[in-house]
Amino acid sequence: MFALIDCNNFYASCERAFQPKLKKRPVVVLSNNDGCVIARSNEAKALGIPMGAPAFEYKDIFERENIFVCSSNYALYGDMSNRVMTMLSEYSPEIEIYSIDEAFLKLTGFEDHFDLYEYGKDMRHKVTKGTGIPISIGFAETKALAKVANKIAKKFPDRTGSVHVIDNEEKRIKALKWTKIGDVWGVGRQHCKRLEAINVLTAYDFTQLKDEWIQRHMSIVGLRLKRELEGISCMDIEDVKDKQNIATTRSFDSNYKEYGFISERVSTFAATCAEKLRKQRSCCNALMVFIHTNGHRKDLEQYSRNTVIKLPYPSNSSIELSKFAVIALKKIFKEGLYYKKAGVIVMDFTPENVTQTSLFSNANPKHPPLMKVMDSINRGIGCTKLKLASQDIKRTWKMRQEKLSPRYTTRIDEVIKVNAI
DNA sequence: TCTGGGGTCCTAGGACCC
DNA sequence: TCTGGGGTCCTAGGACCC
């Protein structure tokens, strides 16, 4: 058996955990730059605030409905996620942290000795008590079915107690008939459209399709999904793997046309990518830089380019990657345009300790120890104090975050205060 | 005025190898 | 007139996830 544990409205719940006055109040969390809605409490969902709603368009509704609006606080969400995952890992030795707010547990042999429903209730109680985050839990024989069970638990908290177990044929069929095709894990917008067009409206309908059709239109991935929904497990718990690509990309708070601004951003993004690379002990052999203008401004000239450059040697040095990123930027930067977004993506990794030396140019041997010192100093202070000269040393650049909550759990000076009356 | 930021996997087709 | 059979690697594009 597998369990899928999912935190309810995770970011909104994190904010609530430290502000009990928000208990019944609708809460939304905004993306970077306070751009659009990326998380909603149930009350906010009930008011019809859609996922991705642009904040400026919904400003009046936020006010009228007394919705509590927060900027995103990733330091807080990341730490809260760790706490939840740590508690969950006590319920099975085999855990896969699937995303910041979701985890699969594999429960081999548990079925014979435990009442899974009670096990789930216990998990839910302990996590909610220990972290303040409400969770929903689905149990089933495959990961895809556990996803389905989880959705049912979440949809009917009163009837299920937010825990649902699919452990027999009758429940499986009933669950599949209830699940809309577009809500199935692995069926996105395109597949949904195509499936609905041939009158496949539920997960059950999908399992009745011929293998050939699924294979032709949805590849082996679709076929695997069918098996999983039939109760034949094809996907196991996966170990944490190193990333194959690492990206640092941002939209800017407004439109910028100066080359100097863009090159500073790109240089910083590259340095951040280098830091992430060092964290997983990889070097990259290639790097991509992209820039776009604001696609929403139809009145302005549009431009969007990216370029990939191969490095002469693998590197994870902030200095080198910044240098190469700026070289790449020069190839695509066009004067006179208003840019809204840029990013750096590093690719084609090799392990840090395997160095393939090149005939003509090699990495500077002084960089690895230098980076090590830089990382350890920055880690020690808990922020990026040591930067390259090409980065914004005066910190002129700032993300718009007007409603940022304190980093309650990771900064001593922002820790929650309790007033004794 | 203002619209997020990360990732993964699969397939087809072309270039190339013996 | 008729022109083999087996691979690999790379890239672009399309789909999906949170």
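By convention in this document, chain letters (A, B, ...) are assigned in the order of the sequence lines, proteins followed by strands, and residues within each chain are numbered from 1.
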Rounded to the nearest angstrom, tell me the gap between atom CG in A:L225 and atom C1' in C:dC17. 13 Å

Qualifying residue, where the test is ring-ring contact (aromatic ring centres under 6.0 Å, His included) with A:Y91 and the options are A:F104, A:Y119, A:F139: A:Y119

What's the NZ-C1' distance between A:K341 and B:dC2, to the nearest Å? 16 Å

Spacing between A:Y256 atom OH and B:dT1 atom P, to the nearest angstrom: 17 Å

Which one of A:K155, A:R124, A:K154, A:K121 satisfies the side-chain contact (heavy atoms from CB on, under 4.5 Å) criterion with A:S162? A:R124

DNA chain C contacts among residues 183-202 of chain A, heavy-atom distance under 4.0 Å: A:V184, A:W185, A:G186, A:V187, A:G188, A:R189, A:Q190, A:H191

side-chain contact (heavy atoms from CB on, under 4.5 Å) involving A:A270 - partner list, sequence neighbours excluded: A:L321, A:S322, A:A325, A:V344

A:N255 near the nucleic acid: base, sugar-phosphate alone, or nothing, with a heavy-atom cut-off under 4.0 Å? sugar-phosphate

Under the rule of Watson-Crick or G-U wobble with both distances under 3.5 Å, where | means paired to another strand and [ ] a crossing pair, DNA chain B maps to ....||||||||||||||

Can you say whether the rings of A:Y408 and A:F18 are parallel (under 30°), tilted (30 to 60°) or perpendicular (over 60°)? parallel

Scan A:F290, A:F333, A:Y256, A:Y259 and name whichever one has a ring-ring contact (aromatic ring centres under 6.0 Å, His included) with A:Y339. A:F333

Which nucleotide in C:dC18, B:dC2, B:dG4 has an atom nearest any side-chain atom of A:D101: C:dC18

The side-chain contact (heavy atoms from CB on, under 4.5 Å) partners of A:S317 (sequence neighbours excluded) come to A:S315, A:I319, A:E320, A:H367, A:M371

What is the distance from OH of A:Y98 to P of C:dC18, rounded to the nearest Å? 5 Å

Is there any side-chain hydrogen bond (donor to acceptor under 3.5 Å, both in side chains) pair reaching into residues 34-48 of chain A, and which pairs are they, with sequence neighbours excluded? A:N9-A:N42, A:N9-A:K45, A:R16-A:E43, A:D34-A:S71, A:S41-A:E43

Rounded interatomic separation in angstrom, taking CE from A:M218 and P from C:dC16: 7 Å

Could you go over nucleotides 7-13 of chain B and give all protein N or O partners under 3.5 Å, atom names and distances?
from  : atom 1 : to     : atom 2 : distance (Å)
B:dG7 : OP2    : A:A247 : N      : 2.6
B:dT8 : OP1    : A:Q244 : N      : 3.0
B:dT8 : OP2    : A:N245 : ND2    : 3.2
B:dC9 : OP2    : A:Q244 : NE2    : 3.3

What pairs with A:T86 under side-chain contact (heavy atoms from CB on, under 4.5 Å), at least two apart in sequence or on another chain? none

Would you say that A:I38 contacts A:Y11 through its side chain, given a criterion of any heavy-atom pair below 4.5 Å between the two side chains? yes

What is the distance, to the nearest angstrom, from the CD1 atom on A:I97 to the C1' atom on C:dC18? 14 Å

Tell me every residue that passes side-chain contact (heavy atoms from CB on, under 4.5 Å) with A:C36, counting only those two or more places apart in sequence or in another chain. A:S31

Rounded interatomic separation in angstrom, taking CZ from A:F290 and P from B:dG5: 8 Å

Taking C-beta and beyond as the side chain, do A:L47 and A:I67 meet within less than 4.5 Å on heavy atoms? yes

With a 3.5 Å cut-off and no angle check, do the side chains of A:N33 and A:S251 form a donor-acceptor pair? no

Would you classify A:D34 as touching base, sugar-phosphate or nothing, given that sugar-phosphate means primed atoms plus P, OP1 and OP2, and contacts are heavy atoms under 4.0 Å? nothing

Looking at residues at least two apart in the chain, or sitting in another chain, which of them share a salt bridge (charged side-chain N to carboxylate O under 4.0 Å, His left out) with A:K174? none

Mind listing the residues from residues 291-303 of chain A sitting with a heavy atom below 4.0 Å of DNA chain B? Number order is fine. A:N294, A:H296, A:R297

Let me know which of A:K334, A:K341, A:Q302 forms a side chain to side chain donor-acceptor pair (under 3.5 Å) with A:T293. A:Q302

Figure out the NZ/P separation between A:K403 and B:dC2, and round it to whole Å. 18 Å

Salt-bridge test for A:E15 and A:K403: reply yes if a basic N is under 4.0 Å from a carboxylate O, no otherwise. no

Going by number, which of residues 57-74 of chain A have a non-hydrogen atom under 4.0 Å from DNA chain B? none

Is the distance from OP1 or OP2 of B:dC2 to the nearest side-chain N or O of A:S254 less than 4.0 Å? no

What residue pairs, at least two apart or across chains, pass side-chain hydrogen bond (donor to acceptor under 3.5 Å, both in side chains) with a residue in residues 94-105 of chain A? A:E96-A:K143, A:Y98-A:W185, A:S99-A:D101, A:E102-A:K147

Parallel, tilted or perpendicular: which one describes the rings of A:F252 and A:F269, with boundaries at 30° and 60°? parallel

